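Report on the following structure.
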2 protein chains.
Amino acid sequence: MDLGERKKKILGAVIEHYIRTAEPVGSRTISKLDELGVSSATIRNEMADLEEMGLLTQPHTSAGRIPSTMGYRTYVDRLMKNYEFSVSEINRLRSLMELQLTEVDSMIKELTGIYSYLTNYTIVGSSAGNNNGYIKNFHMVQIDRNSALLIVVTDKNIVKNKQIYFDCDIDSTVTEKISNMLNENLAGVVKSKINLEKIYEIQAEMDIYKSVLLPVLNFVNECIESLDNSEVFISGASKLLDFPEYSNVQKAKELLEFLDNKENLHRMAASVDNADVKIIIGSENDAIELKDCSIVLSSYSIKGKGTGTIGFIGPTRMNYSKAVSTLKLLTGQIDNLTSNKEPEGEK
Amino acid sequence: MDLGERKKKILGAVIEHYIRTAEPVGSRTISKLDELGVSSATIRNEMADLEEMGLLTQPHTSAGRIPSTMGYRTYVDRLMKNYEFSVSEINRLRSLMELQLTEVDSMIKELTGIYSYLTNYTIVGSSAGNNNGYIKNFHMVQIDRNSALLIVVTDKNIVKNKQIYFDCDIDSTVTEKISNMLNENLAGVVKSKINLEKIYEIQAEMDIYKSVLLPVLNFVNECIESLDNSEVFISGASKLLDFPEYSNVQKAKELLEFLDNKENLHRMAASVDNADVKIIIGSENDAIELKDCSIVLSSYSIKGKGTGTIGFIGPTRMNYSKAVSTLKLLTGQIDNLTSNKEPEGEK
DNA sequence: ATTAGCACTCGCTTTAATTGAGTGCTAACA
DNA sequence: TGTTAGCACTCAATTAAAGCGAGTGCTAAT
């Protein structure tokens, strides 16, 4: 079926209304919305089509429609207009440029915090990183009969940790052996010198512990991957609780817990590939915890320091056009503020 | 009325039971609790006495009792026994000492994160600070007809901001004038050279804006106060949502929002006065947002760098004895790890 | 192709009834 | 005099039923 002009208008209207209200939107609501002067019955027919096409869904019979991930995707890719900042908004955001911050990382973090405050969005990001990080050392702390905490310390003294569950009982000789092995083979080796082969080598060497080694190496690999974007941060996490979709504490807790974990932020930040704005909608997210979230990500680059990432996170019902525009302004500001500055030495 | 031996036992039993279950505890529950072999009726009488003394309260008639702030206070000061770590607990925590972290601030933050992970408590803290901070510059960004965002940048490039509401309409000349004045008089002046007199002077000078100046100066004063403890952090904030007292999103949001604001954390950290453990229970807190929270705070000191603060935060129904013991272990560990290290230069 | 009309669906809200944990009080007992 | 068994009473929380109303799909007329 084809997406005719009128269907586009209706889809757009449904999505924009839903973004504002968080309530399923019915045919009458749309029909009263001037624009296209047709009756609710006509809208109903069109909406039934849109549902068949997978762009809208009904939470239950006899409820209005809400957009599906595909619906949002269509909207974002083909329908969405540029958000126009009001004069006062633009003034407010522009004024922030006056800030005379010299330390780049701190500047970005704080700029982010102020944006979060002014826009009421939650912002996640990573600071610009270089490419020669290494892991300083590994530690393993036994927790239960069959689990241990693996702690990884990077060159920047960033500590990452993860609880590893084994499928058999372990004792301190096991944890010691594993951590020794990791320290001997991987500690101090810069990222660029580590590849999968090296890791396979280790696995072969540790034949006996093969079965228990897999989760360990997975985590180690993750840590190595995230070495260059060394610091991640989040601003205004509690703003998520303003959204009715998180009026259920269980939901809120799952998301906040997910965001509390720096590893997850790292993975998110790493997923942005090029310099443009990337939008990840609902079920398009890899992490199951984010299946009801959308993320609008963009990268910025700082001369001599590499690239970092900044993005908004919120419910799928996010004001995409505003988020994109704001994000562009924000990254543009960062580029502006740093482009005429010499990169400072590592702190 | 006197707090007899039996009343003490009952009070302790009620509090400890409530700490575990978060449910009002009734007389029968206590009577079944061996210890003192009396019937529920007797317990009822005693509990009525304890209520009269202000140590217990009833959420409603026909419900069990819950401790009041005063009840917790009595418990903490006079009844509480030392928490005994189990062997596995102590092993687990001790192992963390092996971490070879060199940068003190980072170490403390990360140690804190791991403790939060292992104990399932939320931890707040501040890093050790020096005493010659200054404010680098001030900015004011108009937001509405009658409010503006005051932004303060410190020597460490920490940015603090607060929305200031005026009781009259303002325009950009006002905000400019105020920020100019602040920059001229206070920017670059180290903390020790600023006193209240100086601030009064400024107020006199700015006669015309007297009325609008008060909130501005209050905030500036706050910033100056917090200059030495320059960095605050929070670990495991989402763990608060595990507690049934925050199953109400509104409540949770209020608290998390409060903790999102670094100013508030600063104020909390600043409130610990001496080197020992300080416990602030429920309504003893200054901030209304914390009236249902308790905080167990302690300071640590690092040679040559001054003192910092670390503490647990949770609902009043907190396991005080465990929190105190854990905190002592944690600060002890910090002291241990840093005492034989030369302080490093400012980063 | 559009629309008015209508029967039908189903989540949400309101109200009423029921349950049960816990209390205070009284009277009996050691 | 302190303790205890017993009982009527209270009140939040749970459950069930009833009613509401927004919204749909379908049909027949325009």
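Note that these values count all heavy atoms, side chains included, but never hydrogens, waters or copies made by symmetry. Everything numeric here is computed off the predicted structure, so don't read it as measured data.
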inquiry  = Can you measure Gln58(A) atom CD to dA22(D) atom C1' for me and round it to whole angstrom units?
reply    = 12 Å

key: From Val124(A), Val296(A), Leu327(A), residue fulfilling side chain to side chain contact (heavy atoms under 4.5 Å, CB included) relative to Ile310(A)   = Leu327(A)

Pull out every protein N or O sitting under 3.5 Å from an N or O of nucleotides 4-7 of chain D, one pair per line with the distance.
from   : atom 1 : to       : atom 2 : distance (Å)
dT4(D) : OP2    : Ser39(B) : N      : 3.0
dT4(D) : OP2    : Thr42(B) : OG1    : 2.5
dG6(D) : O6     : Arg44(B) : NH2    : 3.2

When the side chains of residues 54-64 of chain B are checked against the rest of the protein, which donor-acceptor pairs come out under 3.5 Å, sequence neighbours left out?
from     : atom 1 : to       : atom 2 : distance (Å)
Thr57(B) : OG1    : Ile66(B) : O      : 3.4
Gln58(B) : NE2    : Ala63(B) : O      : 3.0

key: Gap between atom CD1 of Ile43(B) and atom CG of Leu50(B) - 0.5 Å precision   = 10.0 Å

query = Whole Å only: how far is the CE atom of Met47(A) from the P atom of dG25(D)?
reply = 8 Å

request  = I would like to know whether Tyr72(A) and Ile279(A) meet side chain to side chain contact (heavy atoms under 4.5 Å, CB included); could you show each step before the answer?
outcome  = CA-CA 10 Å; Tyr72(A) 282 122; Ile279(A) 303 181; over 6 Å; no

request  = Using whole Å, report how far CD of Glu23(B) lies from P of dT23(C).
outcome  = 14 Å

request  = Rounded to the nearest angstrom, tell me the gap between atom CD in Glu51(B) and atom P in dG22(C).
outcome  = 15 Å

ask   = Strictly under 6.0 Å, is that where the ring centroids of Phe85(B) and Tyr83(B) end up?
value = yes

task = Could you tell me the separation between the CD atom of Glu46(B) and the P atom of dT23(C), rounded to a whole number of Å?
result = 14 Å

task = Measure from CZ on Arg28(A) to C1' on dG21(D) and round the result to the nearest Å.
result = 12 Å

request  = Give the rounded distance in Å between these two atoms: CD1 of Ile10(A) and P of dT24(D).
outcome  = 12 Å

query = Quick one: what's the B/S/- string for nucleotides 7-21 of chain C, heavy-atom cutoff under 4.0 Å, read 5' to 3'?
reply = --BBS----------

message = So, applying side chain to side chain contact (heavy atoms under 4.5 Å, CB included) with Met268(A), which one of Val232(A), Leu290(A), Ile280(A) is it?
response = Leu290(A)

query = Do any N or O atoms from the side chain of Thr42(A) and from the backbone of Val38(A) form a donor-acceptor pair under 3.5 angstrom?
reply = no

request  = Give a yes-or-no answer on whether the side chains of Ser235(A) and Thr112(A) include a donor-acceptor pair shorter than 3.5 Å.
outcome  = no

task = Salt-bridge test for Lys251(B) and Asp292(B): reply yes if a basic N is under 4.0 Å from a carboxylate O, no otherwise.
result = yes

ask   = Tell me: CZ of Arg65(A) to C1' of dT24(D), nearest whole Å?
value = 7 Å

